[in-house]
Chemist: 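Would you mind keeping the following structure in view while I ask a few things?
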Amino acid sequence: MQLLDGKFVSEKLKQEIAAEAAAILEAAGRKPHLVAILVGHDGGSETYVASKMKNCEKVGFKSTLFRYEETVTEAELLNKIEEINKDEDVDGLIVQLPLPKHIDPEKVTEKIDHRKDVDGFHPVNLGRMMRNLPCFVPATPYGILMMLEEYKIDTAGKHCVVIGRSNIVGSPMSILMARNTYPGNCTVTLTHSKTRNLKEIVGSADIIVAAIGRKQFVTADMVKEGAIVIDVGMNREESAVTKSGYKLYGDVDFDNVAPKTSWITPVPGGVGLMTIVGLLKNTLASAKKTIYK
């Protein structure tokens with residue numbers, strides 16, 4: 001068993017991103033600029049946004065955070081997004097999910113200019129991804145691809161089973177792993193809560209991507225010897241023994257699954273760190289106008 005070490009890979013790639021950001025500053029007199037919108041005071045969202053802002057500073061990006069109370073109206077939020085869309089100084093815009101129930105997340109996603117959609121959730125970007133055209137790839141799948149590439153993991157011809165069909169991770173991951181690219185060229189099975197014989201299907205996988213959002217859902221008896229396991233889970237539980245007051249668990253029972261694998265991502269220290277790199281890479285690409293002119 002070897003670790004797919006998100007901390008090592010993310011730090012290496014952030015150094016490369018910082019060098020490119022410095023070159024943009026020198027050539028154009030400006031920094032890549034990421035704007036985030038945070039609604040309410042969800043603990044997980046607060047943590048994620050703070051980490052994104054901190055990492056922007058680390059690589060030499062400009063970052064701006066707009067905060068709203070949960071009482072903000074949908075119209076107010078959409079108007080703010082439109083204002084940011086028109087701001088030529090802004091390269092990337094993210095709206096942290098989840099949103100309050102009275103705000104339609106689909107309306108919010110579609111309101112963001114697809115040329116600033118560095119989360120990669122806009123239908124234009126998802127459609128272009130499906131056709132293997134230049135686009136902003138959703139940040140978590142993008143981060144996973146970069147990790148596989150860094151460790152030179154051979155994916156061609158492998159059976160990849162994705163557990164979870166969310167628009168953020170599972171569905172785009174299944175498309176990316178099936179594309180005629182590297183990493184990719186897998187035979188992909190996309191599974192979910194209604195899949196029959198899930199244990200048998202997962203047990204046949206050469207590569208498992210667990211993105212179902214359930215603590216330690218993937219157990220040792222579901223994983224064949226030598227499988228590659230990528231754990232996307234970020235399940236927070238309150239804890240009296242950690243400084244933060246909570247503990248993170250993956251979707252994989254790491255202690256019992258790890259000995260059977262050839263490669264596995266830890267939680268924390270795996271995919272979560274790579275998600276931020278995916279976001280930074282998309283923002284950098286927006287600043288350089290390499291995808292949309």
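Only a predicted model underlies this, so the values are computations on that prediction, with no experimental measurement involved.
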Chemist: Is the backbone of Ala285 close enough, under 3.5 Å, to the side chain of Lys289 for a donor and an acceptor to pair up by distance?
Modeler: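 It does not hold such a pair.
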Chemist: Salt bridge check, Lys111 against Glu74: does any charged N sit closer than 4.0 Å to a carboxylate O?
Modeler: no
Chemist: What is the distance from atom CG of Leu198 to atom CZ of Phe217, rounded to the nearest 0.5 Å?
Modeler: 5.0 Å
Chemist: Is the closest side-chain heavy-atom distance between Leu38 and Ser45 below 4.5 Å?
Modeler: yes
Chemist: Does Arg214 CZ have over 12 foreign heavy atoms under 6.0 Å away?
Modeler: no
Chemist: Applying the side chain to side chain contact (heavy atoms under 4.5 Å, CB included) test to Ile144, which of Glu149, Met173, Met177, Met274 qualifies?
Modeler: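 When Glu149, Met173, Met177, Met274 are each tested with Ile144, the side chain to side chain contact (heavy atoms under 4.5 Å, CB included) holds only for Met173.
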Chemist: Could you check whether any side-chain N or O of Asp117 sits under 3.5 Å from a backbone N or O of Phe121, counting only pairs where one atom can act as donor and the other as acceptor?
Modeler: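 It does hold such a pair.
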Chemist: When hydrophobic residues are tied together by side-chain contacts of less than 4.5 Å, even through go-betweens, does Leu190 share a cluster with Ile230?
Modeler: yes
Chemist: Run the salt-bridge test on Lys58 and Glu11 with the 4.0 Å N-O cut-off and return the result as yes or no.
Modeler: yes
Chemist: Is the backbone of Ile212 close enough, under 3.5 Å, to the side chain of Asp251 for a donor and an acceptor to pair up by distance?
Modeler: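 Yes.
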Chemist: What about Val9 and Met146, same hydrophobic cluster or not, with Ile/Leu/Val/Met/Phe/Trp/Tyr joined at side-chain heavy-atom distances under 4.5 Å?
Modeler: yes
Chemist: Does Glu200, at its CD atom, have more than 12 non-hydrogen atoms belonging to other residues, nucleotides or ligands within less than 6.0 Å?
Modeler: yes
Chemist: Less than 3.5 Å apart, any donor N or O on the side chain of Asn132 or Asn180 sitting next to an acceptor on the other?
Modeler: no
Chemist: Within the distance-only criterion (no hydrogens, no angle test), does the side chain of His102 pair as donor or acceptor with the backbone N or O of Val72 below 3.5 angstrom?
Modeler: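 Checked: pair present.
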Chemist: Could you tell me if Glu69 and His41 have a donor-acceptor pair between their side chains, going purely by distance under 3.5 Å?
Modeler: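 Checked: His41/Glu69 side chains pair up, N/O donor to acceptor below 3.5 Å.
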Chemist: Please find the pair of heavy atoms, one from Ile264 and one from Ala258, that lie closest to each other, and give the distance.
Modeler: CD1-CA, 4.0 Å
Chemist: Suppose we screen for side chain to side chain contact (heavy atoms under 4.5 Å, CB included). Which residues come up paired with Met53, at least two apart in sequence or across chains?
Modeler: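 If we apply the side chain to side chain contact (heavy atoms under 4.5 Å, CB included) test to Met53, skipping adjacent residues, the hits are Leu34, Ala36, Val49, Ser63, Leu65.
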Chemist: Less than 4.0 Å between a side-chain N and a carboxylate O, is that true for Glu57 and Lys62?
Modeler: no
Chemist: Looking at Arg30 and Asp89, is any side-chain nitrogen of the basic one under 4.0 Å from a carboxylate oxygen of the acidic one?
Modeler: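 Yes, Asp89 and Arg30 are salt-bridged.
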Chemist: Strictly distance-based, threshold 3.5 Å: is any side-chain N or O of Thr265 a donor or acceptor partner for the main-chain N or O of Val271?
Modeler: no
Chemist: Please answer whether the main-chain N or O of Val169 pairs with a side-chain N or O of Ser166 as donor and acceptor at a distance below 3.5 Å.
Modeler: yes
Chemist: Hey, are Asp91 and Lys116 close enough for a salt bridge, meaning a charged N less than 4.0 Å from a carboxylate O?
Modeler: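 The answer is no: the pair does not qualify as a salt bridge.
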Chemist: If you group Ile, Leu, Val, Met, Phe, Trp and Tyr whenever their side-chain heavy atoms sit less than 4.5 Å apart, what else falls in with Leu273?
Modeler: none
Chemist: Verify the distance criterion only: is there a donor paired with an acceptor across the side chains of Tyr292 and Asn125 at less than 3.5 Å?
Modeler: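 Result is yes, a qualifying pair exists.
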Chemist: Would the distance check show the side chain of Thr73 and the main-chain N or O of Glu76 forming a donor-acceptor pair, the cut-off being under 3.5 Å?
Modeler: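 Yes, because the side chain of Thr73 sits within donor-acceptor range (under 3.5 Å) of the backbone of Glu76.
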Chemist: Look at Arg115 together with Asp113 and state whether they make a salt bridge at an N to O cut-off of under 4.0 Å.
Modeler: yes
Chemist: Hydrophobic clusters here meaning ILVMFWY residues chained together by side-chain heavy-atom distances under 4.5 Å, can you tell me if Leu280 and Leu13 are in one?
Modeler: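 Yes, one cluster joins them.
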Chemist: Just by modelled atom types, is the Ala220 backbone N or O under 3.5 Å from a matching donor or acceptor in the Asn256 side chain?
Modeler: no
Chemist: Can Arg67 and Glu46 be said to form a salt bridge (charged side-chain N to carboxylate O under 4.0 Å, His left out), step by step?
Modeler: CA-CA 10 Å; Arg67 287 178 166 272; Glu46 293 268 7; 2.7 Å; yes
Chemist: Hey, are Thr109 and Glu106 close enough side-chain-wise for a donor-acceptor pair under 3.5 Å?
Modeler: no
Chemist: One pair to check against side-chain hydrogen bond (donor to acceptor under 3.5 Å, both in side chains): Asn55 and Lys14. What are the steps and the verdict?
Modeler: CA-CA 9 Å; Asn55 277 278; Lys14 281 189 282 189; 2.6 Å; yes
Chemist: Taking C-beta and beyond as the side chain, do Phe61 and His33 meet within less than 4.5 Å on heavy atoms?
Modeler: no
Chemist: Not counting sequence neighbours, which residues clear side chain to side chain contact (heavy atoms under 4.5 Å, CB included) with Ile37? List them please.
Modeler: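 Side chain to side chain contact (heavy atoms under 4.5 Å, CB included) list for Ile37, sorted by chain: Val39, Phe66, Tyr68, Leu77, Lys80, Ile81, Ile84, Leu93, Val95.
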Chemist: In terms of hydrophobic clusters joined by side-chain contacts under 4.5 Å, are Val188 and Met222 together?
Modeler: no
Chemist: Give me the atom names and distance for the closest heavy-atom approach of Pro105 to Leu97.
Modeler: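 Where Pro105 meets Leu97 most closely, the heavy atoms are CB-CD2, 4.4 Å.
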Chemist: Hey, quick one: are Leu126 and Val137 part of the same hydrophobic cluster, counting side-chain heavy atoms closer than 4.5 Å, chains of contacts allowed?
Modeler: yes
Chemist: For residues Gln216 and Thr219, report the shortest heavy-atom separation together with the two atoms involved.
Modeler: O-CG2, 4.0 Å
Chemist: Do we get Lys247 above Tyr249's six-membered ring, with its NZ or CZ under 6.0 Å from the centre and within 45° of the axis?
Modeler: yes
Chemist: Within a strict 4.5 Å, meaning less than it, do heavy atoms of the Thr47 and Tyr246 side chains meet?
Modeler: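 Side chain of Thr47 against side chain of Tyr246, heavy atoms only: contact under 4.5 Å found.
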Chemist: So, does Lys158 use its side chain to make a donor-acceptor pair with the main chain of Asp154 at under 3.5 Å?
Modeler: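 Checked: pair present.
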Chemist: When rounded to the nearest 0.5 angstrom, what is the spacing between CZ in Arg128 and NE2 in His122?
Modeler: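 Atom-to-atom, Arg128:CZ and His122:NE2 are 12.5 Å apart.
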Chemist: CE of Met130: more than 12 outside heavy atoms within 6.0 angstrom?
Modeler: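 Not more than 12 within 6.0 Å, no.
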Chemist: Heavy atoms, side chains only, cut-off 4.5 Å: are Tyr151 and Asp5 in contact?
Modeler: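 In contact.
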Chemist: Count the heavy atoms of every other residue, nucleotide or ligand shown that sit under 6.0 Å from NZ of Lys54, and state whether that count exceeds 12.
Modeler: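 No, because the 6.0 Å sphere around NZ of Lys54 holds 12 heavy atoms or fewer from other groups.
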Chemist: Taking the side chain from Lys260 and the backbone from Ala227, do they hold a donor-acceptor pair closer than 3.5 Å?
Modeler: no
